[in-house]
There are 2 protein chains.
Amino acid sequence: MNSDIKELLKKSQLSVTASREKILQLFLEQEGALAHGDIEKKAGEKFDRVTVYRTLQTFVEKGIIHTIPTSDNSIRYALCKDDCASGHHHDHHVHFVCNECNNTFCLDDVVTPTIKLPSGYSQEHIEVVVKGVCKHCS
Amino acid sequence: MNSDIKELLKKSQLSVTASREKILQLFLEQEGALAHGDIEKKAGEKFDRVTVYRTLQTFVEKGIIHTIPTSDNSIRYALCKDDCASGHHHDHHVHFVCNECNNTFCLDDVVTPTIKLPSGYSQEHIEVVVKGVCKHCS
DNA sequence: AGGATAAAAGCAACGCTGTTGCAAAAAATA
DNA sequence: TATTTTTTGCAACAGCGTTGCTTTTATCCT
């Protein structure tokens, strides 16, 4: 399983380091999304704040994780599916935020709908965030 | 026109002060949404940062404005329509972010679609943010 | 209109988040 | 293993948003 992590890093043309392995492992273990603060806590103060920031940045650039917009000024990150290539994110799925446990999930099977825009507006990307109660809390 | 602003404040059970009048006026003049930073700049350094923060907070609580989620950790605010009551926001419209001018608009006529969620998930609120090019930039 | 009371503004200070430059350490390459 | 390249950790900094407290302003009442 650890070799899977190393493989994924190499496939993304990244050198294999302790912090990258650890952070990637956290994402693989976690069902929902993670904010920067969560990662710092879960990593157990082993890594510098700056390292975590830079690692997340790198992962986003390489298409390993993607960001999820929130209303409360805290960016959350989640693993990308296989069809996410470097620079081209295809995470056209709906994100779900649970009001009970406050976790964020990627609903990979729920595709973002098509929106009919007023004339003059062109659509390039669409973000859908649904709030409610998740299956674990209901 | 100034009396309109005073009326709106009174209707929301807020005392009429210079900063509230000024900030509300900025929203009425502006077509798109405003971030905290925009307001500080446009207000012309007349008001303390803290006052702006507290005023925005108050306006959100009273249902005068609503927040728009973004991917870049900068909360934006826009005027609510008349059917927004205190605590109960009914801004079920789509938000649009222009990649050219970087403005955010409320597409009041575009209602958020219905999403079919997996079993176990219950939907309470839905946020849709479309990115592309707005009518002014195309 | 003027004084009492309640609310908001301004100020100072603080904590948190995210960034940058640079030196030390670790990983890749050969 | 030695060399080069990348990454890490450290220190410092800027910006955002918050809190406590005092002063100022708005509202209310007679």
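Note on naming: letters A, B, ... go to the chains in the order of the sequence lines (proteins, then strands), and numbering restarts at 1 for each one.
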Can you name the residues that form a side chain to side chain donor-acceptor pair (under 3.5 Å) with K42(A), not counting sequence neighbours? Q30(A)
Side chain to side chain donor-acceptor pair (under 3.5 Å) against N102(A), all qualifying residues, sequence neighbours excluded: none
In whole angstrom, what separates E21(B)'s CD from dA26(D)'s C1'? 11 Å
L14(A) atom CG is separated from dT8(D) atom C1', nearest whole Å, by 15 Å
Once you round it to whole Å, what is the distance between P of dG18(C) and CD1 of I39(A)? 11 Å
Can you pull out every side-chain hydrogen bond (donor to acceptor under 3.5 Å, both in side chains) where at least one residue sits in residues 115-124 of chain A? Sequence neighbours excluded, please. E124(A)-N99(B)
Let me check something: any side-chain donor-acceptor pairs from residues 48-60 of chain B under 3.5 Å, sequence neighbours excluded? List them with distances.
{"from": "D48(B)", "atom 1": "OD2", "to": "V50(B)", "atom 2": "N", "distance (Å)": "2.9"}
{"from": "T55(B)", "atom 1": "OG1", "to": "T51(B)", "atom 2": "O", "distance (Å)": "2.6"}
{"from": "T58(B)", "atom 1": "OG1", "to": "R54(B)", "atom 2": "O", "distance (Å)": "2.7"}

Residue closer to the 5' end of DNA chain D, K10(B) versus R49(A) (nearest nucleotide): R49(A)
Cluster partners of V133(A), using ILVMFWY side-chain heavy atoms under 4.5 angstrom, listed by chain and number? none
Parallel, tilted or perpendicular, as decided by the 30° and 60° cut-offs, for the rings of H93(A) and H66(A): perpendicular
State whether S15(B) places a side-chain N or O below 4.0 Å from either non-bridging phosphate oxygen (OP1 or OP2) of dA7(C). no
Spacing between D38(A) atom CG and dT17(C) atom P, to the nearest angstrom: 11 Å
N/O donor-acceptor pair under 3.5 Å between R20(A) side chain and L9(A) backbone: no
What is the distance, rounded to the nearest whole Å, between atom OH of Y53(A) and atom C1' of dG15(D)? 12 Å
To the nearest 10 degrees, the angle between the two end axes of the helix from dA1(C)-dT30(D) to dA30(C)-dT1(D) (five pairs per end) comes to 40°
Please report the distance, rounded to the nearest Å, between NZ in K22(B) and P in dA8(C). 21 Å
Quick one: I75(A) CD1 to dT17(C) P, roughly how many Å, whole number? 12 Å
Contacts satisfying salt bridge (Lys or Arg N to Asp or Glu O under 4.0 Å) that involve residues 106-115 of chain A (not counting sequence neighbours) are K81(A)-D108(A)
Pairs under 3.5 Å (N/O, protein and nucleotides 9-11 of chain C):
{"from": "dA9(C)", "atom 1": "OP1", "to": "T17(B)", "atom 2": "OG1", "distance (Å)": "3.0"}
{"from": "dA9(C)", "atom 1": "OP1", "to": "S19(B)", "atom 2": "OG", "distance (Å)": "2.2"}
{"from": "dG10(C)", "atom 1": "OP2", "to": "D48(B)", "atom 2": "N", "distance (Å)": "3.4"}
{"from": "dG10(C)", "atom 1": "OP2", "to": "T51(B)", "atom 2": "OG1", "distance (Å)": "3.0"}
{"from": "dG10(C)", "atom 1": "N7", "to": "R54(B)", "atom 2": "NH2", "distance (Å)": "3.3"}
{"from": "dG10(C)", "atom 1": "O6", "to": "R54(B)", "atom 2": "NH2", "distance (Å)": "2.6"}

Please determine if a side-chain N or O atom of Q57(B) lies less than 4.0 Å away from the OP1 or OP2 oxygen of dG17(D). no
Go through the structure and list residues passing side chain to side chain donor-acceptor pair (under 3.5 Å) with E29(B), not counting sequence neighbours. Q25(B)
